[in-house]
Amino acid sequence: MSKATKQPFPALPAQVDLPSVEHEVLRRWSEQKVFERSLEQTQGGPNWVFFEGPPTANGTPGVHHVEARVFKDVFPRFKTMKGFHVDRKAGWDCHGLPVEVAVEKELGLSGKKDIETFGVAEFNARCRESVLRNVDAFTAMTERMGYWVNMDEAYRTMDPEYVESVWWSLKQIWDKGLLTQDYRISPYCPRCGTTLSDHELAQGYETVTDPSVYVRFPLTSGPLAEEGRGAALLVWTTTPWTLVSNTAVAVHPGVDYVVATDGTERLVVAEPLVGAALGEGWEPTGERFTGAEMERWTYRRPFGLVEFDEPAHFVVLADYVTVEDGTGLVHQSPAFGADDMAVCRAYGLPVVNPVRADGTFEEHLDLVGGEFFKTADQKLVADLKERGLLFRHLAYEHSYPHCWRCHTALLYYALPSWYIRTTAIKDRLLAENATTNWVPSNVKDGRYGEWLRNNIDWALSRSRYWGTPLPIWEFPDGRQICVGSLKELGELSGQDLSNLDPHRPYVDDVVIPDPDADPSLPLEQRVARRVPEVIDVWFDSGAMPFAQWGAPHRNRETFEANFPGQYICEAIDQTRGWFYSMMTVSTLVFGESSYENVVCLGHILAEDGRKMSKHLGNILEPMPVMERHGADALRWFMAASGSPWMPRRVGHAALEEIVRKVLLTYYNTASFFTLYANAGQAWSHDRLADAPAPADRPLLDRWLLSELNTLVTTVDEALERFDPAVAGRALTAFVDDLSNWYVRRSRRRFWAGAETPEGAAAFATLFECLETVTLLMAPIVPFLTDHVWDALRRPDAPESVHLAAWPVADESLIDTGLSEQMALVRRLVELGRAARADSNQRTRQPLARVLVGAPGFEALPEQLRAQITDELNVLQLDPLSVVGGDLVDYSVKPNFRALGKRFGKGTPPVAKAVQAADAKALVERLRAEGGASVDVDGETVALSPDEVLVTEQPREGWAVASESGETVALDLELTPELRRAGLAREVVRLVQDARKSSGLDISDRIELWWSATDATTAQAVAEHAAAIGGEVLAATLAEGAPEGESHEVVSEDFGITLHLRRA
RNA sequence: GGGCGUAUAGCUCAGUCGGUUAGAGCGCAUCCCUGAUAAGGAUGAGGCCCCAGGUUCAAGUCCUGGUACGCCCA
């Protein structure tokens, strides 16, 4: 292509395939290393620290993963454009039970015994492989969606450096005395020999029938324990087997308990349950006690099968006791219930557990020795009955958790466990939370604050395999050492461990010899071995601010420069997960939270409003969705559709709408611009300087620039508040204004070229708006904006929009008065179109006159009035008042907003007076004198024009539309001249359609012939020949038909045949 | 059972400082406009702003209590 014909802009064809544009942009980003350069470019700028919450690399990524990843991308891009340096290190959460379960399924293993038979080393190797496989799928999705994050240097929680950092932090906590051992009640499958996670628990509920027994516990101390007439506590349980280890009875301190009798015995029950628990024939004796008064009364336990070394078997107080069912007296066995454990621990009661890990009672016990816990119920109940302790025995149907693998009834079971005493730093956590910015704000004091205020110690250990091993070594005598690094472990164990894989089983083989031990003892008694547990994966991920750098053993400075972080974001389900672990680990180790701003997203639902699940078949796979609609459409949906903090439904319909209404409208405006700028090389960047200063441009341009600069402020403020939905709504509205009002109203100026000041202004204004809106949209839809940027950018502008600076609003161009006036113009145009539609008067037919009655109309400048006449295709525009008099009806209504402000309580009578007043007289006085008065209960009240809403309507011969006190009336009388002008426009449209359908370029000149069978049409064409010819770029216009080839158009409606061809 | 959130047109959702004719999009019907557009515009049908109290001259909006649904926790 020769220089002379080179077009100023690369073409942006009207037809565009968004996904293929995105692939092209991805290629360019990679070739030009745009992400890397955006980081280099901001190297000297202030840090804005973002922490990547590592997705669990378990299973393939779903569309819900895109949600958080969009938010993780939008704000770093935004801040980068504002000059901040935003390092983005990817990360992968590698450990944990979900990985183990997936691998177990793959290998066909069931439970811990199987894993140990299979071999822990091999099992963990498979876990590692599984994680790496899924990381690849996440990487592909991450790249495709345009999430800029450094995946080449991603941290992985399974890497030795990461594990070492976690060890270091655990040692800090250990040194503070906050890492301790205690019992923990976990749902436990005795057959598989494993505890189950909450998630597993949820899959295994089954409805079963258990015994429901009411048992007498005779009192042995307290006011009711007298010899002979002693009363008994009536205690209810559905797990008779736990009565073997009964430790206490809990009552609610605030509930009233009474003694009831049937004449032979006396039983204590909660007052509201007397009838339900005892049945007919029982009368209260009048003795009553609050739960609090019963504290520490002792009783005789139901079974004497196990030994208690410490005092037990008395009444304790617990708030969780209810009077919903049972007797209001709850049997306590701390080894088998979390509530029981908490309550009994508070009283210093022992944890007695006669059930072994396989679910059977210890062999040496009488009655139930060796029996499986569940089947022991029968024998125990029979024994109670025999001894006269059983009061009632019923069947009780309820839902009870079972093992999802083998359907065995689960046991809530006390296992020794490691805890972090987070309750000791609760106040610090609350203080840190108080200074954290939560989005949306209600999470701070609501869901999250509530969780913190009810903080319980963090149960850290898991009896599993694929996790960060708890770095505690224990000597046979119970002394323990917490190890903070491999180096330290090497020194303690006397070997070089720098290349040790710090996972099980390898780390379990490392022993620490006791230098002071008697060398004659066998080796096992002279060395410390690691405790068997691994840790909760939430601790892994909560340690990422330092562990991602391997700090403090490595990269200490980098860590310190990037702590605390400014921004994290995940879905709402992370409130008690990552949001908590991130705040808590840092507060434990460093005394402060690791983040300042945290955004919690609502969940993504399927189009049918349900959760996506394989079972329901309503899963939307992210990669195919992005290939169909484009990643930008999905990104826009995630960032800007509805409220991100609420659950949202995603589906093809929603994405198609985004493509049509937002992305293509924006793109097509840019496409329009390049089409006309390129046509005859009408405009290029060097013409920017020729354009009139903004203040000297037409009002339409000044209006658009005003809207644009308002938009800059709105979008900037919204993104600063982490609210891309508000930004998105403002952008959508602006793009609509730009395309469907500014461009629509300016078409003629673009058509005419940039030679006149008006044309130069139009090109400059549209260019500036496209440039700025491209910048504003770039963080949300990085692909399409970069594609447009590349086509439109100035010669000296950065190669990518993502290397460009964020725009700053020019407030001097914001003119709110002009915005209001244009809004009025657009409302009046809508009313005019409505009036035309009502009277079936098509817009191409010019009309003589339009009348307008609306507050503010008189003040409209001529340029804005011209927009109305042009858009409505009328020759003359006048205020309704010019016809006035008897031709117009007036009605008035009170403006409550204005009146209420002034009169407050006195508003209704004034409003009534306005409604009652003679509308015409009132309006005339308001118009003539700028004020009027009405009579309110004998008093004269002065009113200003803005306190009265006036609606005026012409009486006859007009097409009228009116709304909210604004009226437009069209003169429907058509003169022959007007009819001919209308016909001429019909002809123009016919030719334009023909030009378009025959594939002519917009600037091609044509030859045009016409022949009319309708006399009026013939006259119209002859009369308007010059105008028609000019409008359709006809070099020649002749009556008749051409020789040779041409494009023919026949219109029977107008009785005309046209022929045209390229000149 | 507890905490948090949500409830507005057939569907998806806006609704500012409380202001008296509650909006948009989608869908449906009938028209209109168009030499950028896969667009745009008009009209019509479609509303117990979840229910009940309260505050207020005035409540979709603020308060209290319910109901339903969702999430988290027990």
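Throughout, a chain's letter reflects where its sequence line sits, starting with A, and its residues are numbered from 1.
Atom CZ in A:Arg897 sits about 11 Å away from atom P in B:U16, given to the nearest Å. Following rounding to the nearest Å, A:Asp339 (CG) and B:C73 (P) show an atom-to-atom distance of 16 Å. Per the geometry, CD1 belonging to A:Ile456 stands 19 Å off P belonging to B:G2, to the nearest Å. Residue A:Leu664 contributes atom CG, which lies 16 Å from atom C1' of B:G25 at whole-angstrom precision. Between A:Asn455 atom CG and B:A74 atom P the separation is 13 Å, expressed in whole Å. Here the P atom of nucleotide B:G40 and the CG atom of A:Asp737 are 14 Å apart, to the nearest Å. Atom-to-atom, CZ of A:Phe896 to P of B:U20 comes out at 9 Å; the value is rounded to the nearest Å. One can place CG of A:Leu970 at 16 Å from P of B:C32, the figure rounded to the nearest angstrom.
Residue A:Arg748 is out of contact with every strand shown, counting any heavy-atom pair closer than 4.0 Å. Note on A:Tyr676: only backbone sugar-phosphate atoms sit closer than 4.0 angstrom, heavy atoms only; bases stay farther off. Nucleic acid contact for A:Asn442: sugar-phosphate only, since backbone atoms but no base atoms lie under 4.0 Å from a heavy atom of the residue. As judged by a 4.0 angstrom heavy-atom cut-off over every strand, A:Val16 is placed among the base-contacting residues. Here A:Arg747 lies in heavy-atom contact (under 4.0 Å) with a base.
Regarding contacts with the backbone of B:A24, every side-chain N or O of A:Lys661 stays at 4.0 angstrom or more from both OP1 and OP2. At B:U20, none of the side-chain N or O atoms of A:Lys893 fall inside 4.0 Å of OP1 or OP2 (strictly under the cut-off). The shortest distance between the side-chain N/O atoms of A:Arg844 and the OP1/OP2 oxygens of B:C33 is below 4.0 Å. Between A:Tyr448 and B:C4, a side-chain N or O to OP1/OP2 separation shorter than 4.0 Å is absent. The shortest distance between the side-chain N/O atoms of A:Arg660 and the OP1/OP2 oxygens of B:A39 is below 4.0 Å. In this model, the phosphate group of B:A36 is not approached by any side-chain N or O of A:Ser739 to a distance below 4.0 Å at OP1 or OP2.
When the C1' atom is compared between B:G10 and B:G5, the two are found 26 Å apart, to the nearest whole Å. Rounded to the nearest Å, the gap between the P atom of B:A42 and that of B:C26 is 12 Å. Between the P atoms of B:G15 and B:G23, the separation comes to 15 Å (whole Å). B:C73 sits 46 Å from B:C57 when the C1' atoms are compared, rounded to a whole Å. The P atoms of B:C71 and B:C13 are separated by 15 Å, rounded to the nearest whole Å. B:A45 and B:G3: their C1' atoms are spaced 44 Å apart (whole Å). Going from the C1' atom of B:C33 to that of B:G41 covers 7 Å, rounded to whole Å. Rounded to whole Å, the P atom of B:G25 lies 26 Å from the corresponding atom of B:C62.
At a threshold of 4.0 Å, the pair A:Arg826-A:Asp737 counts as salt-bridged, since one of the basic side-chain nitrogens sits closer than that to a carboxylate oxygen. Between A:Glu450 and A:Arg576 there is no salt bridge, since none of the side-chain N atoms of the basic residue sits less than 4.0 Å from a carboxylate O of the acidic one.
The A:Pro908 side chain lies nearest to B:C57 when the options are B:A42, B:C57, B:A38. Distances from the side chain of A:Arg576 to the nucleotides B:C72, B:A42, B:A74 place B:C72 closest. Taking every side-chain heavy atom of A:Arg744 into account, B:C33 is the closest of B:C33, B:G41, B:G25. Comparing B:G25, B:A36, B:U34 by their closest approach to the side chain of A:Arg989 singles out B:U34. Listed nucleotides: B:U34, B:C71, B:G19. Nearest to the side chain of A:Thr907: B:G19. Listed nucleotides B:G19, B:A74, B:A36 differ in distance to A:Val743; the shortest reach to its side chain belongs to B:A36. With distances taken from any side-chain atom of A:Arg833 to the nucleotides B:G3, B:U34, B:A42, the minimum falls on B:A42. The side chain of A:Thr669 approaches B:A36 more closely than any other nucleotide in the set B:U20, B:G40, B:A36. With distances taken from any side-chain atom of A:Arg649 to the nucleotides B:C11, B:A14, B:U34, the minimum falls on B:C11. Closest to the side chain of A:Met646, out of B:U6, B:U37, B:C26, is B:U6.
With a 3.5 Å ceiling on both atom-pair distances, the Watson-Crick or G-U wobble partner of B:G53 is B:C63. Remark: B:U30 base-pairs with B:A42; criterion is Watson-Crick or G-U wobble with both hydrogen-bond distances under 3.5 Å. With a cut-off of 3.5 Å on both Watson-Crick or G-U wobble distances, the partner of B:C4 is given as B:G70. The partner of B:C11 is B:G25, judged by Watson-Crick or G-U wobble contacts that both fall below 3.5 Å. B:A58 is unpaired under the Watson-Crick or G-U wobble criterion, no partner having all donor-acceptor distances under 3.5 Å.
For the side chain to side chain contact (heavy atoms under 4.5 Å, CB included) with A:Tyr666, the qualifying choice from A:Leu731, A:Thr774, A:Asp736 is A:Thr774, the only one to do so.
Checking A:Leu1033 against A:Glu830, the closest nucleotide of RNA chain B that is more toward the 5' end is the one next to A:Leu1033. Both A:Trp751 and A:Arg648 lie close to RNA chain B; mapped to their nearest nucleotides by heavy-atom distance, the more 5′-ward contact belongs to A:Arg648.
Within a 6.0 Å sphere centred on CZ of A:Arg345, heavy atoms belonging to other residues, nucleotides or ligands number more than 12.
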For this session: Any chance you could lay out the ring pair (Phe, Tyr, Trp, His ring centres under 6.0 Å) test for A:His629 and A:His652, step after step, and finish with the verdict?
Result: CA-CA 8 Å; A:His629 305 283; A:His652 294 297; 5.1 Å; yes

For this session: Take A:Phe673 and A:Trp683 through the ring pair (Phe, Tyr, Trp, His ring centres under 6.0 Å) test and state the conclusion after the steps.
Result: CA-CA 10 Å; A:Phe673 173 80; A:Trp683 195 84; 5.6 Å; yes

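Side-chain contact between A:Phe672 and A:Leu766 is present, with at least one heavy-atom pair separated by less than 4.5 Å. Between A:Lys661 and A:Val735 the shortest side-chain heavy-atom distance does not fall below 4.5 Å. A heavy-atom distance below 4.5 Å is found between the side chains of A:Leu700 and A:Ser746.
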